[in-house]
Amino acid sequence: EEPFTLKICVGILLGFTGLVVLVGADALAGLTATTTGQFSVLGAAICYAINTVYVRKSNASGGLKLATGSLICGAIMVTPICLWIDSPWTITPSAEGTASVIILSVFSTAVATVMYFHLVKQLGAATMSQVNYVIPVLVTIWGVTFMNEPLKASSIAALVLVLCGVAIISSQKRRVC
């Protein structure tokens with residue numbers, strides 16, 4: 001129902017190339033904390049793209065079932081790590097901290113995940129996978145804007161590549177290009 005066309009392939013490759021340009025060749029020189037973070041962002045984008053295709057192909061009806069299963073599985077996988085690393089029994093959270101966790105859990109995670117899975121079913125995996133390529137570019141823009149990080153030519157090139165990939169895939173349905 002959603003054929004893998006040459007346009008989709010080119011769009012995905014452009015988006016991924018944009019992420020590689022964003023991470024940069026310097027990342028291959030040596031493994032530092034910054035490099036590890038950059039590869040984590042790249043790996044997350046790949047995982048989201050794979051997840052999007054899986055969700056599109058699944059037989060589950062509605063985003064709520066998929067989101068519920070996804071969040072429960074994620075919690076099961078992460079809980080032992082959190083218990084081991086953070087020792088939560090030694091922490092006394094403030095009311096503000098607890099409220100923040102609840103708000104982020106409900107709105108930024110649960111509601112957003114339901115919406116995401118619903119949109120994958122409506123718009124298709126190719127279109128929604130491009131959203132994941134835009135996130136690291138937006139994070140770079142936010143870093144420049146709010147953290148006074150330098151704006152590099154490679155960041156601009158990455159933005160152009162990612163946006164071209166998104167435009168190509170988005171035009172697939174509307175026959176713009």
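Just so it is clear, the model here is predicted, and its values are computed rather than measured. Along the sequence shown, residues carry numbers from 1.
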Discussion item. Are Leu161 and Leu13 connected into the same hydrophobic cluster when the rule is that any two of I, L, V, M, F, W, Y join if their side-chain heavy atoms are below 4.5 Å apart?
Written reply: no
Item to complete: Apply the test side chain to side chain contact (heavy atoms under 4.5 Å, CB included) to residues Val162 and Leu14: give CA-CA distance (whole Å), side-chain angles for both, the deciding distance (0.1 Å), then the verdict.
Response: CA-CA 6 Å; Val162 167; Leu14 277 173; over 6 Å; no
Item to complete: For Phe146, check side-chain contact (heavy atoms from CB on, under 4.5 Å) against everything at least two apart and list the hits.
Response: Trp142
Worksheet item: Which residues, ordered by chain and number, are linked to Leu71 in its hydrophobic cluster, where ILVMFWY side chains connect at heavy-atom gaps below 4.5 Å, directly or through other members?
Response: none
Worksheet entry | Straight-line distance of Leu159 CG to Ser154 OG, nearest 0.5 Å | 11.5 Å
Fill in: Shortest non-hydrogen contact between Ala67 and Phe117, atoms and distance
N-CD1, 3.2 Å
Fill in: Other residues, nucleotides, ligands: >12 heavy atoms within 6.0 Å of Phe16 CZ
no
Discussion item. As an exercise, state the distance from OG1 of Thr113 to CG of Leu64, rounded to the nearest 0.5 Å.
Written reply: 11.0 Å
Response to the item:
Students should find that the hydrophobic cluster of Val144, defined by side-chain heavy atoms under 4.5 Å apart, otherwise consists of Leu151, Ile156
Discussion item. If we ignore hydrogens and angles and just use 3.5 Å, is the side chain of Ser87 paired with the main-chain N or O of Thr90 as donor and acceptor?
Written reply: no
Worksheet item: Donor-acceptor pair, Thr109 side chain versus Val106 backbone, under 3.5 Å?
Response: no
Worksheet item: For the residue pair Gly18 and Ala158, what are the closest heavy atoms and their distance?
Response: O-CB, 3.1 Å
Worksheet item: How far does CD1 of Ile103 sit from CD of Glu96, to the nearest 0.5 angstrom?
Response: 10.5 Å
Item to complete: Quick one: pull up CD in Glu149 and OG1 in Thr140 and give me the separation to the nearest 0.5 Å.
Response: 7.5 Å
Response to the item:
Tracing side-chain contacts under 4.5 Å among Ile, Leu, Val, Met, Phe, Trp and Tyr outward from Val101 reaches none
Discussion item. Which heavy atom of Cys82 sits nearest to which heavy atom of Pro88, and what is that distance?
Written reply: O-CD, 3.9 Å
Discussion item. Side-chain heavy atoms nearer than 4.5 Å, only ILVMFWY residues, links allowed to pass through others: does that put Leu163 and Leu138 together?
Written reply: yes
Fill in: Nonpolar side-chain network containing Ile85, other nodes, edges under 4.5 Å
Ile81, Trp84
Worksheet item: In chain order, what residues pass the side-chain contact (heavy atoms from CB on, under 4.5 Å) check against Thr145, with sequence neighbours excluded?
Response: Ile141
